[in-house]
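Taking it in order: structure first as structure tokens, then the write-up.
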Amino acid sequence: MAASMQPDSKRGILKGNKRERPSEGGYEATADQPGVKKRLVEQVKPKTEDSKDDLKVTPVKGSKVDRSRSCPYLDTINRSLLDFDFEKLCSVSLSHINVYACLVCGKYFQGRGNNTHAYTHSVFEGHHVFLNLQTHKFYCIPDNYEIKDSSLEDIIYVLNPTFTDRDIKRLDITAKMSRAYDNTTYLPGIVGLNNIKANDYCNVILQSLSHVTPLRNFFLQEENYKKIKRPPGDQMVLLVQRFGELLRKLWNPRNFKAHVSPHEMLQAVVLCSRKKFQITQQGDPIDMLSWFLNSLHTAMNGTKKLNSSIINKTFRGKMKVFSRKEPAVDLTDQEKAQLMLTPDYKETIEEIPWLYLTCDIPAPPLYPDELRENIIPQVPFATVLAKFNGTAEKEYKTHKDSTFKKFELTRLPQFIIIYFKRFTKNYFVFEKNPTIVNFPIKNIDFGDLLSPEVRAAHRNTVYDLMANVVHDGEPGPGKGTYRCHIQHKGTGKWYEMQDLHVADILPQMITLSESYIQIFEVRKDIPNPYYKKRADDDMDLETPTES
């Protein structure tokens, strides 16, 4: 009997032929023991309402609350102060690594952990909601947890707007106005650009190119140029990325403000041009346009083939240049005859690609008219275009001899850029030609400049004006200003844009301006009556394949 009373750690302790079970507080007595039965009845009986409430109040150990979906600081976000147009640099360390935007005050700070600039700002200012500008994730600092809330998606879209194929197709057929956060309305694509100091000459070019349909559609989708491979250390790809970002912001229908700052775009221009074009010093828009389009073509690995990049497909044309030299006037007839027999004085023909056509404007009269009044001279658009009809010759003089050249267009691109040479510079003075060019806005047939064979190879030769850059004021850097006229296809209206100033304008007023650069778009709804399709046609505007 004594042996059966030995303790057993697994089964409990035998006591009076009854086994005691171990419990958390020691050993639990069995029902046979006196006074225990009453306590067991009290434990087994159902809980009352008060006891249920007590159980609810008692905290459960190990439970965690998902604070990422219930952040208490979301109401502190101030969307009116958010501006993602500027360079993504920490406002303290000027570093571009791991930068966060404070969504309360709009400033940029580096880091998220202890002793970082964002952490210090959060503690001292009481700002707790931050956005990682690279990963597009929201965080609460200093609590250091990620915030997940669908109400923040509009901030992500303003930081990085995205466009689907359906969105892009609707851009040119919709006239819907958008509303900014401050209740001002704007038309996507027709928004002002900040003039930081003297970058109006860049703004007019960026505004004009943003309405070139194939160029705009290409850059609105980042996947078209995101995987461009360039040599290590090459910075030109930055120009492509920044231009795409700017176009997406200009056409953003959900922006918080009705204007855009081209700060990052201009920083890339200064860097990639090696400070040839500055923000603080006014430059020439035609130089900017030529460099910018050629740089984009090179950065996208473009070649001499007409279908190698979106730049060549959109703007690149071709022409034949006929050149012949004339000997100096002071030579004798015998010397002239001998020179004409040499190869240097024989006519040469060269076919070259062109990005824009330079039109010469006749010089204004030196004296007033018979009424003793200074009138503004005018010239028809067809007169300045006659330079490229293949028959008109132009003389180019040097100190040795003169060269006569004829220009014959052999291929018309989808968009034709016309540059009027208004400024002349010599050793003494910088002059401007104020002659007004009388140009039509619609239905300009450039096929009249082509030879019958070349014209028959083009499917469409009628063009409409879609952008017009104007110079106002005195000649010289910094003395005048630039503005542009843009047509919005969705509304059919014309708008005058000068930095932040945006206003609609009558088409009749555009023809009265001193035009400097013009962009014409081909009309594919008007066929060329002289068009003859050939099997080896390489000048078709829609399928350029010539190298």
Side-chain angles (χ1 to χ4, degrees), residues 56 59-164 167 178-184 188 221-223 226 241-242 244-246 248-249 251-261 263-264:
K56 290 181 181 178
V60 182
K61 293 183 179 180
S63 66
K64 294 184 178 180
V65 179
D66 188 8
R67 293 188 294 175
S68 64
R69 300 187 183 275
S70 60
C71 181
Y73 303 109
L74 294 183
D75 59 341
T76 63
I77 297 177
N78 191 348
R79 285 173 171 80
S80 61
L81 296 179
L82 300 184
D83 190 353
F84 302 116
D85 294 342
F86 293 94
E87 197 170 1
K88 309 301 187 295
L89 295 177
C90 175
S91 58
V92 180
S93 64
L94 300 182
S95 173
H96 63 277
I97 301 174
N98 198 22
V99 179
Y100 290 77
C102 176
L103 302 185
V104 182
C105 63
K107 297 180 181 179
Y108 296 163
F109 298 97
Q110 185 181 19
R112 191 175 85 237
N114 296 342
N115 300 324
T116 59
H117 299 298
Y119 184 92
T120 304
H121 174 77
S122 174
V123 172
F124 277 89
E125 300 294 337
H127 300 171
H128 300 286
V129 187
F130 288 78
L131 168 63
N132 189 308
L133 298 177
Q134 184 175 6
T135 63
H136 299 174
K137 292 183 179 181
F138 298 88
Y139 293 92
C140 181
I141 304 177
D143 296 344
N144 200 14
Y145 61 84
E146 184 180 353
I147 302 174
K148 298 178 182 178
D149 197 291
S150 59
S151 65
L152 303 176
E153 292 179 357
D154 61 332
I155 299 177
I156 294 295
Y157 194 86
V158 172
L159 174 62
N160 185 27
T162 55
F163 293 83
T164 62
D167 296 334
S178 296
R179 187 174 297 274
Y181 192 75
D182 57 356
N183 286 330
T184 59
Q221 293 184 318
E222 192 177 4
E223 57 268 18
K226 189 176 183 180
Q241 296 172 352
R242 293 291 181 263
E245 292 175 2
L246 179 65
R248 292 197 297 273
K249 291 176 181 177
W251 288 92
N252 182 9
R254 292 184 273 170
N255 205 349
F256 289 160
K257 56 188 186 306
H259 65 275
V260 175
S261 175
H263 187 267
E264 286 188 296

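Note that this is a predicted model, so its numbers are computed, not measured.
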Test side-chain contact (heavy atoms from CB on, under 4.5 Å) applied to H136 - qualifying residues, sequence neighbours left out: I156, L159, N160

Contacts of R79 that satisfy salt bridge (charged side-chain N to carboxylate O under 4.0 Å, His left out) - sequence neighbours left out: D154

Partners passing side-chain contact (heavy atoms from CB on, under 4.5 Å) against E245 (at least two apart in sequence or in another chain): R242, R248, E264

Filter on side chain to side chain donor-acceptor pair (under 3.5 Å), then keep only pairs touching residues 104-116, sequence neighbours left out; what's left? S93-Q110, S95-Q110, Y100-R112, R112-N144

Would you check, one step at a time, whether the test side chain to side chain contact (heavy atoms under 4.5 Å, CB included) holds for S80 with F256? CA-CA 7 Å; S80 61; F256 289 160; over 6 Å; no

Look up atom CG in L103 and atom CG in L152, then write down how far apart they are to the nearest 0.5 Å. 7.5 Å

Taking atom OG of S151 and atom CZ of F138, what is their separation to the nearest 0.5 Å? 8.5 Å

Hey, what do you get for SG (C140) to OH (Y73), rounding to the nearest 0.5 Å? 5.5 Å

All side-chain hydrogen bond (donor to acceptor under 3.5 Å, both in side chains) counterparts of H121, not counting sequence neighbours: H127

Out of curiosity, L74 CG to T76 OG1, how far, rounded to the nearest 0.5 Å? 7.5 Å

OH/Y181 to CG/L82 distance, rounded to the nearest 0.5 angstrom? 9.0 Å

Verify the neighbour count for atom CD of Q134: are there more than 12 heavy atoms of other residues, nucleotides or ligands below 6.0 Å? no

Going by heavy atoms in the side chains, are V99 and L89 under 4.5 Å from each other? no

Tell me if a side-chain donor or acceptor on H128 pairs with a main-chain N or O of I141 at a distance below 3.5 Å. yes

Main chain of K137, side chain of K148: is a donor-acceptor contact present, judged purely on distance under 3.5 Å? no

Taking side chain as C-beta onward, heavy atoms only, is C71 less than 4.5 Å from Y145? yes

Are the side chains of D85 and H263 in contact, using a 4.5 Å heavy-atom criterion? no

To the nearest 0.5 Å, how far apart are CZ in F130 and CD1 in I77? 11.5 Å

Please list, chain by chain and in numerical order, all residues satisfying salt bridge (charged side-chain N to carboxylate O under 4.0 Å, His left out) with D83, sequence neighbours excluded. K257

If you define the side chain from C-beta out and look only at heavy atoms, does anything of Y157 sit under 4.5 Å from N252? yes

Could you check, using the six-membered ring where one of them is a Trp, whether F109 and H117 have ring centers closer than 6.0 angstrom? no

Using a 4.5 Å cut-off on heavy atoms from C-beta on, say whether the side chain of L81 contacts that of N78. yes

Is N255 reaching over with its side chain to a backbone N or O of A258, donor-acceptor style, under 3.5 angstrom? no

Kindly indicate whether the side chain of I147, heavy atoms from C-beta on, has any atom under 4.5 Å from the side chain of Y139. no

Would you check if V260 and W251 make a side-chain contact, meaning some heavy-atom pair closer than 4.5 Å? no

